[in-house]
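Atoms within each ligand, like the ligands themselves, are counted from 1 in listed order.
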Amino acid sequence: MPTSYEASLSYAQSQDEIDILFPFRERFHFPKHEGKDVAYFCGNSLGLQPKSVGYLMQQELDDWAKYGVEGHFEARNPWFSYHHLFSERLAKIVGAKKEEVVATNTLTVNLHLLMLSFYRPQGKRYKILMEAGAFPSDQYAVETQVRMYGFDPEDAIIEISPKEGAYITEEEDIIQKIEEAGESLALVMIGGVNYYTGQFFDLKRITEAAHKAGAYAGFDLAHAVGNIPLQLHDWTVDFACWCSYKYMNSGPGGIGGLYVHEHHCSNPKIFRLGGWWGNDEKTRFKMEKGFIPQNNAGSWQMSNAPVFNMVAHNAALDIFDKAGIAALREKSERMTGYMEWLLKQVKHLPFTIITPADPKRRGCQLSMLFGDRGREVFDKLTNAGVVADWREPNVIRIAPVPLYNTFEDCYRLYEVLMSIE
Ligand SMILES: *Cc1c(COP(=O)(O)O)cnc(C)c1O
């Protein structure tokens with residue numbers, strides 16, 4: 001970390017001037033506060049709207065009006081194959097082959113579908129290891145999956161927590177739990193980046209340990225995709241799923257995505273629930289009996305592509321592609337480092353940063369745990385046009401997103417904190 005950081009507006013602006021990604025901010029709509037763009041630190045909850053979405057949405061409306069059903073093949077982006085528009089760009093973001101990913105369904109739905117494939121309890125191998133305090137939807141999904149097979153969640157779900165008094169969970173402890181569970185373990189399913197603390201887990205190491213125990217490893221990447229470069233294929237991760245509306249800026253409830261390693265995709269014995277869009281494309285319209293899954297991640301699709309829900313994803317992934325994952329990560333580390341340093345200069349407010357200090361163990365999120373006054377600080381930020389995120393009971397999460405946040409935004413946040421008596 002540079003030792004030359006300065007808590008001044010001119011320093012922040014000088015960093016923006018040398019930032020090659022600075023112009024990307026122009027591609028997004030910003031909410032306004034008193035007529036000025038807000039400092040938007042909530043991209044980990046709902047990313048901003050790319051300006052190109054409106055135009056691209058209108059294009060689909062026009063094609064529908066002009067072609068009717070023929071739009072499946074005649075539209076500028078034919079709807080029949082619309083989902084194919086995403087695979088290559090998504091594959092780069094998650095570090096996979098394009099056959100291993102598909103944009104489909106939504107996150108929790110995909111988690112269930114993938115667990116139906118990769119959580120197949122047999123004999124004494126029926127347990128799932130996950131992190132304690134996981135995102136509620138993941139907790140409900142895992143709980144109801146084990147119940148479906150007649151197990152008691154208290155017994156079948158192994159939760160892993162940080163050590164007493166700590167906020168982050170050590171990989172060592174996860175590995176140890178996996179080894180202890182041994183032959184009883186069917187699946188390790190954790191969030192790649194914890195939504196609360198912002199901790200990024202060593203997915204490669206966890207996957208290796210799961211495989212050694214004879215279990216599958218799958219990850220919910222809601223807070224990891226578009227935030228941290230991933231190598232799912234090389235890490236031999238079995239499956240993963242994510243949403244697109246957080247760091248990927250693809251709109252509220254936007255299309256989700258999933259990844260399945262090629263050695264599972266191409267194995268028709270891996271069970272998957274059938275739908276026509278998951279069927280082999282060559283026989284899809286023969287309307288015959290017998291589900292023949294595609295030999296790629298597309299086989300986890302059910303229905304035809306929800307085009308209007310995919311337009312924003314198309315727009316947003318183009319922006320990612322132009323910016324490039326490596327450049328985004330480089331800026332992300334620099335800007336998050338600056339934000340963290342600024343927060344550490346704020347000595348008069350009672351908070352601790354519970355996100356790992358090591359850049360390798362986090363993305364761009366920083367979580368501030370308050371003793372008291374958390375809500376008051378959050379309200380002051382909001383009133384000053386700084387959009388952060390409040391999590392009960394007392395955490396303020398902020399995410400300086402490299403695509404559209406600036407060093408000046410970071411300084412603005414700091415300035416509000418300093419102005420609080
Ligand atoms: C955002 C988020 C979800 C939301 O799930 P949806 O099905 O998209 O509503 C689920 N899990 C995690 C870890 C998340 O961060």
Output yes when Arg361 and Glu170 qualify as a salt bridge under the 4.0 Å nitrogen-oxygen rule, no when they do not. yes
Lys246 charged N/C atom sitting above Phe135 aromatic ring, 6.0 Å / 45°: yes
heavy-atom search around atom 2 (C) of ligand 1 in the protein gives Lys246 NZ, 2.5 Å
Numbered in order shown, the ligand 1 atoms found under 4.0 Å of a heavy atom of Thr108 are 5 (O), 6 (P), 7 (O)
Checking the N or O distance criterion of under 3.5 Å, is ligand 1 in contact with Asp220? yes
Decide whether an N or O pair under 3.5 Å exists between Thr106 and ligand 1. no
Could you walk me through whether Tyr40 and Phe30 pass the ring-ring contact (aromatic ring centres under 6.0 Å, His included) test, one step at a time? CA-CA 8 Å; Tyr40 193 77; Phe30 284 80; 7.4 Å; no
Would you say His223 and ligand 1 have an N/O pair spaced under 3.5 Å apart? yes
Contact atoms of ligand 1, heavy-atom distance to Tyr245 under 4.0 Å: 1 (C), 4 (C), 5 (O), 6 (P), 8 (O), 9 (O)
Can you find a non-hydrogen atom of Asp138 under 4.0 Å from ligand 1? yes
Considering only NZ, NE, NH1 and NH2 on the basic side and carboxylate oxygens on the acidic side, decide whether Arg375 and Asp379 come within less than 4.0 Å. yes
Centroid-centroid distance, Tyr414 to Trp341, less than 6.0 Å: no
Does any donor atom in the side chain of His84 or Glu281 lie under 3.5 Å from an acceptor atom in the other side chain? yes
